[in-house]
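Accompanying notes for the structure given below.
In this text the structure is predicted, and so the values were computed from the model without any measurement. Naming convention: chains lettered A, B, ... in sequence-line order (proteins, then strands); numbering from 1 in each chain.
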Number of protein chains: 2
Amino acid sequence: MNQFTREEIEAERVDLGEIETTLGFLLRMAQLRAFAHFFRVSEVGLKPGALTVLWVIALNPGLRQGAIARRLMIKPAHMTKLVRAMVDDGLVERYVPPNDRRSVRLSLTKAGKALYERSCGEMHAIHRAERGTLNDREYTDFVALLRKFAGIGAPP
Amino acid sequence: MNQFTREEIEAERVDLGEIETTLGFLLRMAQLRAFAHFFRVSEVGLKPGALTVLWVIALNPGLRQGAIARRLMIKPAHMTKLVRAMVDDGLVERYVPPNDRRSVRLSLTKAGKALYERSCGEMHAIHRAERGTLNDREYTDFVALLRKFAGIGAPP
DNA sequence: CGGAGATTGTTTCCATGTAAAGTATTTTCA
DNA sequence: TGAAAATACTTTACATGGAAACAATCTCCG
């Protein structure tokens, strides 16, 4: 019984209606795809969020953690946890300047720098994997549109 | 003291390097923007995920919840919680067919249908808000690229 | 038939992310 | 000056989402 009745077959056909043309929905699907690409090629063991923070500290040593959080749209509470985890992992150092003892300035430890160097090599693989099936033109357009939509200024 | 030293001013300038050209990062930024748009116009009180599920049930009454979850890329464990919450809210009904008593088929209650009707009216506002600063051409291209990147077939 | 294996959904436990209140410090201005 | 407000981060308490193990049911095939 229940051997592929017409109802059963149709039951798997899911009509999404207008949702399928909604940017919110499409962005979620795209992000899931991007995550899959990332985890397929990444070997440094950091998740996208932590790797991004590591990268930004490497490029901007001594920056206040709040400045990084604002720029990456990470909420302060979450930033605190991310930083603590990275400090616990021996990747990041916190420095409280006597200047302003409320703030925390971040820099990489030796191990953090080493991981950053390794991740640089991975960047190319990540970019390549991320492009997926998009050709050069599509990729360029996609990046430009994402930047415009997200309200990020033109690339430097 | 600490009156806008050069260091202080530069300290807020955050160099993102290649991260800024990474699809993963840009997609996250874009999604945050889309969320902001959504919450700015939506009045039905459902979050994007729940509204999407409500919408899909409305369009496909009697569908198994697993089929919906797979299509929306929602993990089964999460789908169980979403459905339970919507049942508790009196929006959704579960029906276990004697046919196959493992499965659960979903449909909207009267209140669920009413909410769906209201959300239909909102759809236009959501679409409009979502476009943000993109013009017609950009919007069309953006949707097409998102679909291609996410691996979703051409629109119906 | 009847047990092995597949399917469907649920539970438990954990990671991620946020909101709101709390702490410490610095700035402002009456 | 010194009290009020602003800033920078942390803590707590909670919401969201996932992985893995579990339970129930169904299918397949000897």
(message) Check whether B/Tyr139 forms a cation-pi arrangement with B/Arg131 (NZ or CZ under 6.0 Å from the six-membered ring centre, at most 45° off the ring normal).
(response) yes
(request) Find out whether B/Leu91 and B/Leu108 are in side-chain contact, i.e. whether some heavy atom of one side chain is under 4.5 Å from a heavy atom of the other. (result) no
(request) Quickly work out the B/Met79 CE to C/dT11 P distance and round it to whole Å. (result) 15 Å
(request) Determine whether any donor atom in the side chain of B/Arg102 lies under 3.5 Å from an acceptor atom in the base of C/dT7, or the reverse, and answer yes or no. (result) yes
(request) Indicate yes or no: does B/Arg33 engage B/Glu130 in a salt bridge with an N to O separation below 4.0 Å. (result) no
(request) Take atom CZ of A/Arg64 and atom P of C/dT25, then tell me their distance rounded to the nearest Å. (result) 16 Å
(request) Figure out the CG/P separation between A/Leu32 and D/dA19, and round it to whole Å. (result) 11 Å
(request) Take the protein atom CG of B/Asn99 and the nucleotide atom P of C/dT8, then report the distance between them rounded to whole Å. (result) 12 Å
(message) Rounding to an integer number of Å, can you tell me how far B/Leu72 CG sits from D/dG18 P?
(response) 12 Å
(message) Tell me whether A/Glu20 is salt-bridged to B/Arg147, with the criterion being a basic N under 4.0 Å from an acidic carboxylate O.
(response) yes
(request) Go through the N and O atoms of the side chain of A/Lys81 and the base of C/dT18, and report whether any donor-acceptor pair is under 3.5 Å. (result) yes
(message) Nearest to the side chain of A/Gln65, heavy atoms from C-beta on, is which of D/dA13, C/dT8, D/dT10?
(response) D/dT10
(message) Measuring to OP1 and OP2 of C/dG9, would you say a side-chain N or O of B/Arg94 lies under 4.0 angstrom away?
(response) no
(request) Rounded off to whole Å, could you give me the CD1-to-C1' distance for the B/Ile68 and C/dG9 pair? (result) 13 Å
(message) More than 12 heavy atoms of other residues, nucleotides or ligands under 6.0 Å from CZ of B/Arg40: yes or no?
(response) yes
(request) Would you mind telling me which residue lines up with the more 5' stretch of DNA chain C, A/Met73 or A/Arg101, judged by nearest nucleotide? (result) A/Met73
(request) Between A/Arg70 and B/Ile74, just flag the one whose closest nucleotide in DNA chain D comes earlier from the 5' side. (result) A/Arg70
(request) Calculate the interatomic distance between B/Phe35 atom CZ and D/dA15 atom C1'; express it in whole Å. (result) 13 Å
(message) In this structure, how many angstroms lie between the P atom of C/dT25 and the CZ atom of A/Arg105, rounded?
(response) 17 Å
(message) Nearest heavy atom decides the nucleotide; on that basis, is A/Lys75 or B/His78 closer to the 5' end of DNA chain C?
(response) B/His78
(request) Under 4.0 Å between any heavy atoms, over every strand shown, what does A/Thr80 touch: base, sugar-phosphate, or nothing? Just pick one. (result) base
